[in-house]
Amino acid sequence: MAEVDRISFLPLEIKLSILSLLRIKDAVRTSALARSWRHLWTHLSCLRLNSEQDPLGETCNTPNFYFVSTSWIQRVHRLVSSLRGPFLVFQLHFSRFCIFFSHCDKCVLVQSLLDLLLQKGDVETLDLSFHNNPGKFHLPWFHSLQVLRLSRCHVALPTGFRGFHRLEILDLYEVEISNHDLNLLLHTSNNLTSLMIRYCRALESGNPLSVNLSFPLLRHLEFGINEFVENVTVDSSPCLEHAAIALSDADYSSQNLAKMILRLVTSVAMVSSLKLDFDVLKCFSLVTLPFNFTIPRLKFLRVYLNADTMDRRVNDAFLWLLRSVPFLEELQVEFKRDSFQADRGSILVRELLLKKHDGFACLERTVTSVTIYMDTYVIASIELIQFFLLNAKGLKLLKIDYFYGGDLMPSFIEELQKAEVASSDAKVMFFNRVTDQITNLCVNDSN
């Protein structure tokens, strides 16, 4: 009995699902299987391409790869021309090796490729990532766009732009964009659920970036602030649950920056998860902090502390933040110290932290988990460890995640074992990220 070709009789949707799991090169080769498969690959709707690979899927390892970027994107253009469209996903990532002979070439080729995608119908997910800014290109008006991710590029909106009304996820990283276009993009995207604007740059001839965010469905917000951001606040986003705020290349001594950061943090007081990166607390130390401010729903908090720049005002800002989260359950602290010698800075940290503090509702009742991330020697975190052991009455797990100091010196262990502990259930665990070694430590029960 002749064998039945069951695969060829599968529905078109299932065949395309199978092809989508293959590299483009292998998907094209399926055209030789049977007549019914000859042009099937041209129906593919998901393209994920990286400049370190040939558009047909072959990895390029030749030294001349530094000089073939123009021809590479032209091959991508021909590939897209061969597909029917429209596209569910179009992802294009340029590596640091992708160098063009001229800035203009890259800009023109990227614009031509985007215009071709629009001619093919539409795109639901557009993901463009560049290692070097390709120059200015206009973003076509994709009516079905739901996810937009742009990295390290200069983008402008088309004339007569009326919004990506189906857009749910917007991720802009180091994107150069005018304040007008950024606000137009935001104000016409009412269905956003996730918004990430990190370290974007305003046009040199334009106004600095200033945005007032108001989204009825927004659940996740990340904002990276640099010297090009003049103001950002969250006006009305009742569904917001997660917020992350970071600083980079900004004047940390600026009162205006400090006031803006404080306004932003106080405007996201409805969240249940908050992450404050880099020297946000340093900015807090420059302004008068509101006495009765609370984030009543917050369950998870991650903050960044730099012990080498810590002073009494930074310490007060850290303690103010802890007092503002009465129902906090999990706390993560990214703790940096370049040295663990007994210098003036470490003496001050010890003086500020190694005492009991009152007025922390979260430490007295709700905090059960604390994680300290060290980017240097584990011994540098000893005062912070002792602070939480001394003050967190409901603590169950204190985890120290670190790189160096794998030996956990006996003197360090001995000092911790003598520490006063507020919780009888507290356990201390050290995790070395280099060796994956886990060390559990028994601490004394002060009760």
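Remark: L363 CG to N391 CG distance equals 6.0 Å, nearest 0.5 Å. Rounded to the nearest 0.5 Å, atoms CZ (F161) and OG1 (T188) are 4.5 Å apart. We find the CD1-CG distance between I177 and L209 to be 8.0 Å, quoted to the nearest 0.5 Å. Taken to the nearest 0.5 Å, the SG atom of C362 stands 9.0 Å off from the CG atom of L321. Here CG of D235 is found 5.0 Å from OG of S214. Values are rounded to the nearest 0.5 Å. The CG atom of D122 lies 7.5 Å from the CG atom of L145; values are rounded to the nearest 0.5 Å.
When each of L274, V367, V271 is checked for a side-chain contact (heavy atoms from CB on, under 4.5 Å) with L301, only L274 meets the rule. Here the rule is side-chain contact (heavy atoms from CB on, under 4.5 Å) with L139, and of L128, V155, L185 only V155 fits it. When each of L117, V89, L83 is paired with L47, the side-chain contact (heavy atoms from CB on, under 4.5 Å) condition holds for L83 and for no other.
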Y173/S129 under side-chain contact (heavy atoms from CB on, under 4.5 Å): CA gap, chis, key distance, verdict:
CA-CA 9 Å; Y173 177 73; S129 177; over 6 Å; no
Stepwise side-chain contact (heavy atoms from CB on, under 4.5 Å) check, N183 with N212
CA-CA 8 Å; N183 278 280; N212 186 3; over 6 Å; no
Evaluation steps, side-chain contact (heavy atoms from CB on, under 4.5 Å), between I261 and F284
CA-CA 8 Å; I261 295 293; F284 283 171; 3.7 Å; yes
Just do the side-chain contact (heavy atoms from CB on, under 4.5 Å) check on L113 and F90 with the steps written out, would you?
CA-CA 11 Å; L113 183 58; F90 185 81; 3.8 Å; yes
When you look at Q111 and D115, which way does the side-chain hydrogen bond (donor to acceptor under 3.5 Å, both in side chains) test go after all the steps?
CA-CA 6 Å; Q111 186 68 64; D115 293 340; 3.2 Å; yes
Can you check side-chain hydrogen bond (donor to acceptor under 3.5 Å, both in side chains) on D127 and H93, steps first, answer last?
CA-CA 8 Å; D127 184 345; H93 286 189; 3.1 Å; yes
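Annotation: side chain of L322 is in contact with side chain of L331 (closest heavy-atom distance under 4.5 Å). Between L247 and D277 there is no side-chain heavy-atom pair separated by less than 4.5 Å. Residues L262 and C283 are not in side-chain contact: their nearest non-hydrogen atoms beyond the backbone lie 4.5 Å or more apart. Counting heavy atoms from C-beta outward, M374 and I400 have side chains that approach closer than 4.5 Å. Looking only at side-chain heavy atoms (C-beta outward), I197 and V229 stay at 4.5 Å or farther from each other. Side-chain contact between N191 and L167: absent, with no pair of heavy atoms (C-beta onward) separated by less than 4.5 Å. Between L114 and V110, some side-chain heavy-atom pair lies under the 4.5 Å cut-off. Side-chain contact between K427 and N440 is absent, with no heavy-atom pair separated by less than 4.5 Å.
Judged purely by atom type and a 3.5 angstrom limit, S285 has no side-chain atom pairing as donor or acceptor with the backbone of R313. Under a 3.5 Å cut-off, the side chain of W141 and the backbone N or O of L118 do not form any donor-acceptor pair. Judged purely by atom type and a 3.5 angstrom limit, N432 has no side-chain atom pairing as donor or acceptor with the backbone of Q437. Under the 3.5 Å distance criterion, the side-chain polar atoms of R297 are matched with a main-chain donor or acceptor of M270. Panel note: side chain S81, backbone H77; a donor-acceptor pair is recorded below 3.5 Å. S237 places a side-chain N or O within donor-acceptor distance of the main-chain N or O of F215, the cut-off being under 3.5 Å. No donor-acceptor pair under 3.5 Å is formed between the side chain of R302 and the backbone N or O of E334. Between the side chain of T368 and the backbone N or O of G394, no donor-acceptor pair lies under 3.5 Å. Using a distance-only test at 3.5 Å, with no hydrogens or angles considered, no donor-acceptor pair links the side chain of N231 to the main chain of M260. Under a 3.5 Å cut-off, the side chain of S267 and the backbone N or O of L264 do form a donor-acceptor pair.
Shown here is K393, whose NZ atom has no more than 12 heavy atoms of other residues, nucleotides or ligands within 6.0 Å. The neighbour count for F300 CZ, taken as heavy atoms of other residues, nucleotides or ligands under 6.0 Å away, is above 12.
Taking the centre and axis of the six-membered ring of F87, the NZ or CZ atom of K120 falls outside the cone set by 45° and 6.0 Å.
Using cut-offs of 30° and 60° on the angle between ring planes, the pair F318 and F388 is perpendicular. Taking the six-membered ring where the residue is Trp, F130 and F137 present tilted rings, their angle falling between 30° and 60°.
When all heavy atoms are compared, the tightest approach of Y199 to S248 is CE2-CB, 3.3 Å.
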Show me, pair by pair, the donor-acceptor contacts under 3.5 angstrom made by side chains of residues 217-225, not counting sequence neighbours?
| residue | atom | partner | partner atom | Å |
| --- | --- | --- | --- | --- |
| R219 | NH2 | E241 | OE1 | 3.3 |
| R219 | NH2 | E241 | OE2 | 2.9 |
| H220 | NE2 | E222 | OE2 | 2.8 |

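Under the side chain to side chain donor-acceptor pair (under 3.5 Å) criterion, the residue pairs touching residues 150-170 are R152-E174, with sequence neighbours excluded.
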